[in-house]
2 protein chains.
Amino acid sequence: MARVGMTEVAARAGVSVTTVSHVLSGRRPVAESTRTRVLQVIEQLGYQPDTLARGLRTRRTMTVGLLVPDLTNPFYPMVLRGLNDVLVPAGYHAIVCDTDGTREQELAFLREMATRRVDGMVIAPFQLTRKDLLSHAKAVPLVRLGDGPLDADLGDLVSSGGEDGMAQMVRYLLERGSRRVAYIGGPRHTGPSDRREAGFHRALAEAGRVAGDDLVIRGGFTRDAGREAAEVLLNRADRPDAIACANDLIAIGVLDAARKLDLSVPGDLAVTGYDDIDAASLVTPALTTVVNPAREVGRACGEALLRRLTADGAEPYREVVIANSIVRRDSA
Amino acid sequence: MARVGMTEVAARAGVSVTTVSHVLSGRRPVAESTRTRVLQVIEQLGYQPDTLARGLRTRRTMTVGLLVPDLTNPFYPMVLRGLNDVLVPAGYHAIVCDTDGTREQELAFLREMATRRVDGMVIAPFQLTRKDLLSHAKAVPLVRLGDGPLDADLGDLVSSGGEDGMAQMVRYLLERGSRRVAYIGGPRHTGPSDRREAGFHRALAEAGRVAGDDLVIRGGFTRDAGREAAEVLLNRADRPDAIACANDLIAIGVLDAARKLDLSVPGDLAVTGYDDIDAASLVTPALTTVVNPAREVGRACGEALLRRLTADGAEPYREVVIANSIVRRDSA
DNA sequence: TTGAAAGCGGTACCAG
DNA sequence: CTGGTACCGCTTTCAA
């Protein structure tokens with residue numbers, strides 16, 4: 001049951017491999033009669049072209065890399081769906097790299113993708129610096145996902161307006177009557193975290209307030225990290241009456257902490273998340289959060305990538321911002 | 001900034017490509033002095049071997065395919081983690097195919113993976129028949145994930161004992177005093193669903209009972225499907241006092257329905273899930289469920305695959321069952 | 001409308 | 001311990 005190659009197809013059809021290649025690619029006219037004959041043989045032999053060999057020659061692997069910090073965060077699987085929505089119909093497939101948010105793994109995956117000659121990458125980098133990305137960016141189209149810094153050299157950027165989304169949320173908290181609003185973010189210097197934190201500060205500033213450092217804690221983007229941060233915040237004498245979190249997982253952790261301390265939410269403490277993952281509406285109280293349309297974001301990434309991959313000339317750099325909005329539930 | 005190839009490295013190091021190849025692969029001794037010289041040039045030029053070209057020659061792509069019905073179901077991302085735990089250190093990477101549980105997509109991905117010459121696949125097939133898989137199984141090592149039928153021709157099987165797990169759960173329900181226990185499953189003829197359903201019937205039979213067809217409903221493995229099925233079940237005159245669900249998502253949907261009908265859980269209705277995804281402990285009441293150790297399952301898949309990929313001779317077919325257990329929370 | 005042959009970037013066999 | 005070279009399976013000039 002060895003695999004059949006083009007040579008065998010050609011032989012059986014009584015034509016040259018060149019012709020077989022062309023009926024497959026349609027890159028040059030082939031007489032209808034030979035065309036059908038070749039097609040028949042292909043069918044009969046169950047011939048399947050070898051993407052690798054083709055890629056070696058054409059320098060296109062039809063593969064893209066998706067690098068995410070934590071596939072366990074439901075946001076990212078949805079992004080992958082969106083990405084596939086646009087990439088798969090175009091013949092591309094994605095290799096998913098779950099880096100666990102560590103710098104070593106991010107770098108390792110980046111290198112791996114380079115040796116695999118992926119045609120492009122969409123990355124949600126956490127620890128990577130501009131310098132880390134630069135060399136890759138010039139080798140293959142890069143789409144950065146998340147609210148990183150703008151930087152044309154690093155390729156397209158698809159974000160969901162994290163700064164605005166968070167600002168909007170904080171404004172809502174203020175209007176609602178919260179007096180001391182705190183912020184729990186992700187790891188420092190990570191795009192999404194920084195941008196959202198900026199939104200937090202901006203909204204406060206616009207309202208003529210300032211959040212002291214004691215009201216901002218940064219940890220991980222996880223439930224545990226959220227709980228721990230909240231415990232610190234809530235055990236202080238002048239505890240906040242609202243906590244805006246950089247994502248839903250963190251907010252769920254805050255809910256855990258509040259429950260443990262017997263604080264009522266939103267009575268004693270208002271809590272807000274970010275992303276609107278499924279779990280946000282499952283917890284009690286249901287989370288008031290910023291909806292981050294993951295699938296749309298993924299689609300936008302795919303479109304951005306595709307644009308570059310199929311571009312004749314050099315496409316101009318783009319930043320795509322997907323609109324987001326607040327969904328009010330019970331936690332604030 | 002064109003990519004440098006082995007030829008250039010060889011030239012600059014004053015050796016043949018053969019030697020460069022061998023310092024890289026270590027497949028034959030190279031004088032220490034030349035070795036370091038070559039390594040230096042490689043470093044200096046930033047040479048990166050081309051996995052594709054290598055694969056074309058060696059017939060190994062160092063890539064495996066992971067085919068899942070719904071990456072949005074948190075169970076699968078965890079499986080991927082486990083898979084990567086063992087595959088990535090061995091140099092393999094996974095292409096993730098989210099098929100949405102449709103037969104067309106499952107077939108399409110299977111074909112795609114074949115043309116990409118993946119070295120192996122782990123699949124959680126939903127709609128695929130034995131026949132669909134057979135041709136692939138002889139072309140590349142296959143590991144089936146989930147509680148499908150045993151079938152040596154189709155490669156290894158990694159399951160988490162769905163039949164036993166469900167039987168255990170139903171037994172618990174019975175001991176607990178439930179008198180009419182119903183079952184909500186996934187799509188008919190899908191491995192996980194069928195096996196779990198078998199467990200349900202077995203436990204009932206052992207207790208000298210029989211579940212009429214009216215107590216078994218099959219839908220999708222989603223929250224919505226669960227809600228809909230529950231609505232049917234609960235609006236009947238003699239509604240069940242317990243519902244065992246084929247997964248947590250379904251159970252969460254049942255909870256939705258119960259809330260809408262003002263039924264108290266577990267007072268009026270006991271509800272149990274399966275998988276123990278994060279959300280299971282987030283909902284109110286927290287789900288009593290069967291823990292399906294996703295990461296372990298993923299690891300087992302990886303190990304099974306690796307065994308075949310690195311096997312000298314023909315490894316015997318294996319079935320690996322990962323032990324599972326019940327976690328009792330509030331819903332039953 | 002069709003073929004022949006030269007690669008793409010490596011590996012591996014056969015010599016030396 | 002090191003080279004030369006055929007070849008993996010396909011695409012793509014160049015020539016007919």
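Within every chain, numbering begins at 1; the chains are lettered A, B, ... in the order of the sequence lines, protein sequences first and strands thereafter.
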**Q** Through what angle, rounded to 10 degrees, does the axis of the helix from C/dT1-D/dA16 to C/dG16-D/dC1 turn between its ends, using five pairs per end?
**A**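 It works out to 40° between the end axes.
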
**Q** Got a sec, which residues hit side-chain contact (heavy atoms from CB on, under 4.5 Å) with A/Leu45, two or more places apart in sequence or on another chain?
**A**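 Here the qualifying residues are A/Val4, A/Glu8, A/Val9, A/Arg12, A/Val41.
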
**Q** From the 5' end of DNA chain C to its 3' end, which nucleotides mark the outer limits of contact with chain B, defined by a 4.0 Å heavy-atom distance cut-off (strictly under)?
**A**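 First and last nucleotides in contact are C/dG9 to C/dC14.
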
**Q** Should A/Thr63 and A/Arg116 count as side-chain neighbours, where that means a heavy-atom distance under 4.5 Å?
**A**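 Heavy-atom side-chain distance check fails, nothing below 4.5 Å.
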
**Q** Could you measure the distance from the CG atom of B/Leu66 to the CD1 atom of A/Ile95? Nearest 0.5 Å is fine.
**A**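 Going from CG on B/Leu66 over to CD1 on A/Ile95, the span is 12.5 Å.
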
**Q** Tell me every residue that passes side chain to side chain donor-acceptor pair (under 3.5 Å) with B/Arg57, counting only those two or more places apart in sequence or in another chain.
**A**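 Once residues adjacent in sequence are excluded, B/Arg57 has no partner under the side chain to side chain donor-acceptor pair (under 3.5 Å) criterion.
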
**Q** Rounded at 0.5 Å granularity, tell me how far CG in B/Leu110 sits from CG in B/Leu128.
**A**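 So the CG of B/Leu110 and the CG of B/Leu128 are separated by 6.0 Å.
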
**Q** Would you say the side chain of A/Arg54 lies within less than 4.5 Å of the side chain of A/Met62, judging by non-hydrogen atoms?
**A**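 Result no, sub-4.5 Å side-chain heavy-atom pair not found.
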
**Q** Among B/Arg308, B/Arg318, B/Arg144, which one satisfies side chain to side chain donor-acceptor pair (under 3.5 Å) with B/Asp156?
**A**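 One option only clears the test, and that one is B/Arg308.
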
**Q** Salt bridge check: are B/Glu32 and B/Arg35 linked by an N-O gap of less than 4.0 Å?
**A**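 Judged by the 4.0 Å cut-off on N to carboxylate O distance, B/Glu32 and B/Arg35 do form a salt bridge.
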
**Q** For DNA chain C, find the residues of residues 5-33 of chain A with a heavy-atom distance under 4.0 Å and give them by number; none if there aren't any.
**A**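 Heavy-atom contacts with DNA chain C come from A/Gly14, A/Val15, A/Ser16, A/Thr18, A/Thr19, A/Arg28, A/Pro29, A/Val30, A/Ala31.
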
**Q** Please give me every residue in residues 51-63 of chain A whose heavy atoms get under 4.0 Å of an atom in DNA chain C, ordered by residue number.
**A**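 Nucleic-acid contacts, sorted: A/Leu56, A/Arg57, A/Arg59.
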
**Q** Would you tell me whether A/Tyr92 and A/Arg60 have side-chain atoms, one donor and one acceptor, within less than 3.5 Å of each other?
**A**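 The criterion, which ignores hydrogens and geometry beyond distance, is satisfied for A/Arg60 and A/Tyr92.
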
**Q** Mind checking the OG1-CZ spacing from B/Thr72 to A/Arg81? Nearest 0.5 Å is all I need.
**A**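 Interatomic distance, B/Thr72 OG1 to A/Arg81 CZ, rounded to 0.5 Å: 4.5 Å.
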
**Q** Do you know which of A/Val64, A/Leu306, A/Val122 makes side chain to side chain contact (heavy atoms under 4.5 Å, CB included) with A/Val143?
**A**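 For A/Val143, the side chain to side chain contact (heavy atoms under 4.5 Å, CB included) test succeeds with only one of A/Val64, A/Leu306, A/Val122, which is A/Val122.
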
**Q** Please evaluate residues A/Leu71 and B/Leu80 with respect to the criterion side chain to side chain contact (heavy atoms under 4.5 Å, CB included), reporting the C-alpha separation (whole Å), side-chain torsions for both, the decisive distance (0.1 Å), and the verdict.
**A** CA-CA 9 Å; A/Leu71 202 64; B/Leu80 177 59; 3.2 Å; yes

